[in-house]
Amino acid sequence: MEPDDGVARCAACGNVDPQPVIRALFVVTGASGSGKTTIFPELLSRMSGWCAVFDADWLIDPLGRAAKDGQIDWAAFTDTWLHVAHGVAQNGLPTLLLAPFIPEHLDNLPGRAWIGEIHSLVLDCPDAERRRRMEARPRWRARDIDAQTEFGRWLRKNLSPVIDTTRQSPSEVAETVAAWVRDRMAV
């Protein structure tokens with residue numbers, strides 16, 4: 001099925017389903033250690049009734065188990081989240097996704113057709129703080145500190161807005177993110 005002039009149409013047989021609901025997607029991105037998981041619980045209470053809030057990491061383990069070689073297909077992983085967001089839209093809500101995604105990760109995926117405008121916001125912290133945060137994590141967590149630091153620099157340079165999570169408490173960061181979402185929903 002593909003969206004077609006307000007309906008979902010099967011290109012193969014022409015079958016038409018009622019108008020698909022397409023909503024915006026809000027992506028709070030950032031390299032590891034930027035604070036995405038930390039603000040998640042705070043966002044749940046602030047966005048209740050406004051958005052469905054997800055941490056993209058939730059699907060890493062099940063999709064890793066589903067992979068034949070245990071290696072996640074990252075394009076399929078990202079596309080899965082677009083389809084989840086479309087499913088949420090059918091229930092009348094946009095999705096707020098905490099994920100290390102950039103717009104280019106989303107644009108050419110099959111699920112993109114079912115999503116409205118995509119808004120991105122970057123959570124960030126200074127490189128030394130990212131290193132400290134990642135080194136303080138449990139040993140089973142990935143420790144690709146250099147790669148994540150470079151990704152953080154790229155995000156800082158190429159996307160906006162950027163919120164430095166060392167300048168506010170997690171609660172204040174969550175409130176800033178919630179206000180950003182509400183402002184874009186009001187347009």
Between Trp81 and Phe54, how do the two ring planes meet: parallel, tilted or perpendicular, split at 30° and 60°?
-> tilted
Counting N and O atoms only, with roles assigned by atom type, does the side chain of Ser48 sit under 3.5 Å from a partner on the main chain of Leu44, one being a donor and the other an acceptor?
-> no
Sub-3.5 Å donor-acceptor pair from the side chain of Asp73 to the main-chain atoms of Ala76, do we have one?
-> yes
Please lay out, stage by stage, how Trp50 and Val181 fare under the test side-chain contact (heavy atoms from CB on, under 4.5 Å).
-> CA-CA 9 Å; Trp50 288 85; Val181 170; 5.7 Å; no
Distance-minimising heavy-atom pair for Lys36 and Gly30 | NZ-O, 2.7 Å
Exam field: side chain Asn108 to backbone Glu104, donor-acceptor pair closer than 3.5 Å | no
Once you round to the nearest 0.5 Å, how far does CG of Leu43 lie from CG of Leu98?
-> 6.0 Å
So do the side chains of Leu97 and Asp55 get within less than 4.5 Å of each other, counting heavy atoms only?
-> no
Value rounded to 0.5 Å, distance of CD in Gln168 from OG1 in Thr176 | 4.0 Å
Hey, is the main chain of Ser169 close enough, under 3.5 Å, to the side chain of Glu172 for a donor-acceptor pair?
-> yes
Looking just at side-chain N and O atoms, do Thr165 and Arg133 make a donor-acceptor pair shorter than 3.5 Å?
-> yes
Might you point out which heavy atoms bring Cys125 and Thr166 nearest each other, and give the distance in Å?
-> CB-CG2, 3.9 Å
Euclidean distance, Trp58 CH2 relative to Leu63 CG, rounded to 0.5 Å = 14.0 Å
For residues Met47 and Arg182, determine if any side-chain heavy atom of one lies less than 4.5 Å from a side-chain heavy atom of the other.
-> yes
Student check: side-chain heavy atoms of Phe77 and Ile60 closer than 4.5 Å | yes
Less than 4.5 Å apart, any side-chain heavy atom of Asp164 and any of Pro126?
-> yes
Gap between atom CD of Glu175 and atom CD of Glu42 - 0.5 Å precision | 9.5 Å
Val173-Phe40 co-clustered via ILVMFWY side chain contacts under 4.5 Å = yes
Flag the pair Arg131 and Asp146 as a salt bridge only when some basic side-chain nitrogen lies within less than 4.0 angstrom of an acidic carboxylate oxygen.
-> yes
Do Pro100 and Ser32 have side-chain heavy atoms sitting under 4.5 Å apart?
-> no
Say whether, by atom type as modelled, one donor and one acceptor occur between the side chain of Gln148 and the main chain of Ala31 under 3.5 angstrom.
-> no
Apply side chain to side chain donor-acceptor pair (under 3.5 Å) to Arg112 and Thr78, showing your working.
-> CA-CA 10 Å; Arg112 178 63 181 97; Thr78 305; over 6 Å; no
Note, Val84 side chain near Thr95 side chain (heavy atom, < 4.5 Å) = no
d(Leu121 CG, Thr29 OG1) to nearest 0.5 Å is 9.0 Å
Are more than 12 heavy atoms from other residues, nucleotides or ligands located less than 6.0 Å from atom CG of Asp69?
-> yes
Path from Ile118 to Leu155 over hydrophobic side-chain contacts below 4.5 Å = no
Using the ring of each side chain (for Trp, its six-membered ring), is Phe101 parallel, tilted or perpendicular to His105, with breaks at 30° and 60°?
-> perpendicular
Asp127/Arg156 under salt bridge (charged side-chain N to carboxylate O under 4.0 Å, His left out): CA gap, chis, key distance, verdict | CA-CA 11 Å; Asp127 297 345; Arg156 200 178 299 137; 3.0 Å; yes
Check Arg46 against Ser171 and note the closest heavy-atom contact, atom names and distance.
-> NH2-OG, 2.9 Å
Taking side chain as C-beta onward, heavy atoms only, is Cys51 less than 4.5 Å from Leu93?
-> no
Transitively linked via ILVMFWY side-chain contacts under 4.5 Å: Val88 with Val27?
-> yes
In terms of hydrophobic clustering (I, L, V, M, F, W, Y; side-chain heavy atoms under 4.5 Å; direct or indirect links), are Leu96 and Val162 co-clustered?
-> no
Evaluation steps, salt bridge (charged side-chain N to carboxylate O under 4.0 Å, His left out), between Asp124 and Arg130 = CA-CA 8 Å; Asp124 193 28; Arg130 182 176 325 283; 2.7 Å; yes
Give a yes or no on whether Val53 and Ile115 share a hydrophobic cluster (residues Ile, Leu, Val, Met, Phe, Trp, Tyr; joining criterion: side-chain heavy atoms under 4.5 Å apart).
-> yes
Decide yes or no on side-chain contact (heavy atoms from CB on, under 4.5 Å) for Ile39 and Leu123, but give the supporting numbers first.
-> CA-CA 10 Å; Ile39 69 165; Leu123 296 186; 3.7 Å; yes
Evaluation steps, side-chain contact (heavy atoms from CB on, under 4.5 Å), between Ile102 and Leu159 = CA-CA 8 Å; Ile102 60 174; Leu159 296 179; 4.1 Å; yes
Passes side-chain contact (heavy atoms from CB on, under 4.5 Å), Ile145 versus Glu135? Steps please.
-> CA-CA 8 Å; Ile145 295 171; Glu135 287 173 348; 3.6 Å; yes
Say you draw a straight line from CZ of Arg184 to CZ of Phe26; how long is it, rounded to the nearest 0.5 Å?
-> 8.0 Å
For the residue pair Met134 and Asp144, establish whether any side-chain heavy-atom pair is separated by less than 4.5 Å.
-> yes
Give the minimum heavy-atom separation between Pro161 and Ser120, together with the two atoms involved.
-> CD-O, 3.6 Å
Is it true that a side-chain atom of Asn158 and a backbone atom of Trp154 form a donor plus acceptor pair closer than 3.5 Å?
-> yes
